[in-house]
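Some notes on the structure that comes next.
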Amino acid sequence: MNRPQPLLAIDELHVTLPFKGQPRTVIQRVDLTVPAGSAVGLVGESGSGKSMTARAVLRLLPGGARTGGKILFDGADVTTMSPAALRKLRIHDVAMIFQDPRAHINPVRTIGDFLTEALVTTRGVRPRAAEATVTALLREVGIADAARRLRQRPSELSGGLLQRVMIAAALAAEPRLLLADEPTTALDVTTQAEVMAIIDEARAERGLAMLFITHDLALAAAVCDRIAVMYAGSVVEELPADRLHDGARHPYTRALLASRPAPGSGGSLRAIPGRPLPAYETGPGCAFGTRCSQAQEVCGAERPLPRSGGGGTTACHFPVDPLVPQATTGAGDRSTTHG
Ligand SMILES: Nc1ncnc2c1ncn2[C@@H]1O[C@H](COP(=O)(O)OP(=O)(O)OP(=O)(O)O)[C@@H](O)[C@H]1O
Ligand SMILES: [Mg+2]
């Protein structure tokens, strides 16, 4: 049986940015799919290329960026899209939520203007109807006193409230894919949980797909169907979220999991030795090789390609055995059903 085409399919994405007149690689190789309606978590250390990957999906890369590979949204390649098609993608199909809402909202305009503008100018909705729509959306994201908030400016709202406004703005576009780049990282723990629950509910109600970027592996595993792990500009492992803890086979994923405090461990961490490398500092071999306790000679010489197995994909010459082997279902490589 053929699998349906995923909503988003990133295939061997490569991105360079100009640095002192020379192209510098920031994304080495990203392969990633987000099926319609499902949530994929993109995790990895700072600088690994998570935000750059999300931005590439909307072609919101810094000036002079060059991309290789394909980014297919509903079968159409974003990297070669016409300006008109790209505009439609940005307005109607894919919405993005950022870590810092204040950096993405005009401070001098009211929340009401911000929220209704896109509906009025790009969708031709009448101002009255647009206000009713955004009032309902604000209620949905837990802002009860919508009428008052619509008249306020961003500086009058807390970070948590402003992020809810950004979620409402994203939902107003009725997109099919949400790119959420650390949407809760800047918030306090209680607000984080509230905002995450709002995103989760809104997604479930609408059948919205999501690429969820976070440093928090446990959070990613809790809200996503699958997890992709990035290191030095490459996706090094991809697997079902419910297999993250027991099924991870890449030494980097295992090291990341071990560097989190385990419940009852008194908060002890096993830090990964060395520092994470940016993609442009990696040699010809495995980018994680210099920090990997399992590395052998070939790891320094040859870049490992992603290989399927155990329901996921691992780019490693010597993938480790899963902590708990996967139960055999007779369904081949496909271990998890999304839903
Ligand atoms: N505007 C830019 N110009 C040049 N290089 C950049 C720019 N933005 C990011 N980079 C570089 O691209 C690489 C990937 O950065 P990216 O922001 O995607 O990482 P990230 O995984 O999102 O990290 P974080 O977890 O800190 O948000 C890094 O090496 C970073 O230094
Ligand atoms: Mg980032």
Side-chain angles (χ1 to χ4, degrees), residues 8 10 12-32 34 40-69 71 78-79 94-104 159 163 166 170 177-187 192 195-196 199 210-221 223-224 227-238 250 252-253 255-257 259-260 271-272 274-283 286-288 290-291 303 315:
L8 177 71
I10 303 181
E12 294 191 34
L13 176 68
H14 181 99
V15 177
T16 64
L17 297 177
F19 181 74
K20 296 186 177 168
Q22 292 296 317
R24 195 181 215 188
T25 298
V26 289
I27 297 293
Q28 203 120 238
R29 175 172 182 156
V30 169
D31 304 281
L32 192 71
V34 183
V40 174
L42 190 57
V43 302
E45 281 164 295
S46 195
S48 56
K50 305 181 296 296
S51 297
M52 211 55 94
T53 299
R55 285 170 171 278
V57 173
L58 283 173
R59 248 163 76 185
L60 289 174
L61 294 169
R66 300 190 76 98
T67 53
I71 302 176
V78 177
T79 66
V94 183
M96 188 145 177
I97 309 174
F98 300 89
Q99 175 176 345
D100 176 11
R102 275 187 222 286
H104 295 91
Q163 195 59 301
M166 300 314 253
L177 173 67
L178 189 62
L179 304 172
D181 191 350
E182 306 203 43
T184 63
T185 308
L187 309 174
Q192 269 183 13
V195 167
M196 211 52 240
I199 293 176
M210 173 167 76
L211 182 65
F212 178 62
I213 295 177
T214 179
H215 285 105
D216 187 336
L217 273 72
L219 180 62
V223 302
C224 295
I227 306 291
V229 182
M230 280 197 82
Y231 186 78
S234 297
V235 169
V236 295
E237 179 152 39
E238 195 276 337
H250 198 289
Y252 177 61
T253 313
L256 268 186
L257 288 164
S259 70
R260 298 172 45 241
I272 307 175
R275 69 174 173 97
L277 295 180
Y280 51 82
E281 277 185 30
T282 60
C286 172
F288 187 59
T290 51
R291 301 172 80 191
R303 171 92 18 113

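Just so you know, ligand 1 is whichever comes first in the structure, and atom 1 is the first atom listed for that ligand. The first residue in the sequence is number 1, and the count goes up from there.
At a 4.0 Å heavy-atom cut-off, ligand 1 touches Glu182 through the side chain alone. Of the heavy atoms in Met230, none comes closer than 4.0 Å to ligand 1.
Scanning both residues, Ala54 and Ile213, for their nearest heavy atoms gives CB-CD1, 3.6 Å. Heavy atoms only, all atoms of each residue included: Leu17 and Met52 are closest at CD1-CE, 3.7 Å. For the pair Leu177 and Val57, the tightest heavy-atom approach, listed with the atom from each and the gap, is CD2-CG1, 4.5 Å. Closest approach of His215 to Glu45, counting heavy atoms only: NE2-C, 4.3 Å. In terms of heavy-atom proximity, Ala315 sits nearest to His250 at O-NE2, 3.0 Å. Counting all heavy atoms, side chain and backbone alike, Gln28 lies closest to Ser234 at CB-OG, 3.2 Å.
Summarising the contacts of atom 3 (N) of ligand 1 with Leu17, Val15, Thr53, Asp181, the nearest heavy atom is found in Leu17. Between Ala279, Pro62, Pro276, it is Pro62 that holds the heavy atom closest to atom 2 (C) of ligand 1. Comparing Gly233, Ala65, Ser46, Gly64 by heavy-atom distance to atom 24 (P) of ligand 1, the nearest is Ser46.
Residue Ser51 counts as close to the Mg ion (ligand 2), with an N, O or S atom under 2.8 Å.
Between Phe288 and Tyr231, the two ring planes are perpendicular [angle over 60°; tilted spans 30° to 60°].
Closest protein heavy atom to atom 12 (O) of ligand 1: Val26 CG1, 3.3 Å. Scanning all protein heavy atoms for the shortest distance to atom 17 (O) of ligand 1 gives Ser51 CB, 3.8 Å. Looking at atom 13 (C) of ligand 1, its nearest protein heavy atom turns out to be Gly47 O, 3.8 Å. Of all protein heavy atoms, the one lying nearest to atom 25 (O) of ligand 1 is Lys50 NZ, 2.8 Å.
By the 4.0 Å heavy-atom criterion, Gly44 is excluded from the residues contacting ligand 1. The closest approach between a heavy atom of His215 and any atom of ligand 1 is below 4.0 Å.
Interface atoms of ligand 1 facing Ser48, defined by a heavy-atom separation under 4.0 Å, are 19 (O), 21 (O). Applying the 4.0 Å criterion to heavy atoms of Gly49 picks out, from ligand 1, the atoms 14 (C), 16 (P), 18 (O), 19 (O), 20 (P), 21 (O). Shown in contact with Met52 at under 4.0 Å from a heavy atom are these atoms of ligand 1, numbered in order with element: 6 (C), 7 (C), 8 (N), 9 (C), 10 (N), 12 (O), 18 (O). Interface atoms of ligand 1 facing Pro278, defined by a heavy-atom separation under 4.0 Å, are 29 (O).
Checked by atom type and distance alone, the side chain of Gln163 never pairs as donor or acceptor with a backbone atom of Thr184 at under 3.5 Å.
The distance criterion of under 3.5 Å between nitrogen or oxygen atoms is not met by Tyr280 with respect to ligand 1.
Annotation: the span from Arg66 atom CZ to Thr79 atom OG1 amounts to 12.0 Å, rounded to 0.5 Å.
In this structure, atom 30 (C) of ligand 1 is not in close contact with the protein, since no protein heavy atom lies within 4.0 Å of it.
Each of Thr253, Asp216, Ile227 was checked for a side-chain contact (heavy atoms from CB on, under 4.5 Å) with Val43, and the lone residue meeting it is Ile227.
Under the 4.5 Å side-chain criterion, counting only non-hydrogen atoms from C-beta, Glu12 is in contact with Asp31.
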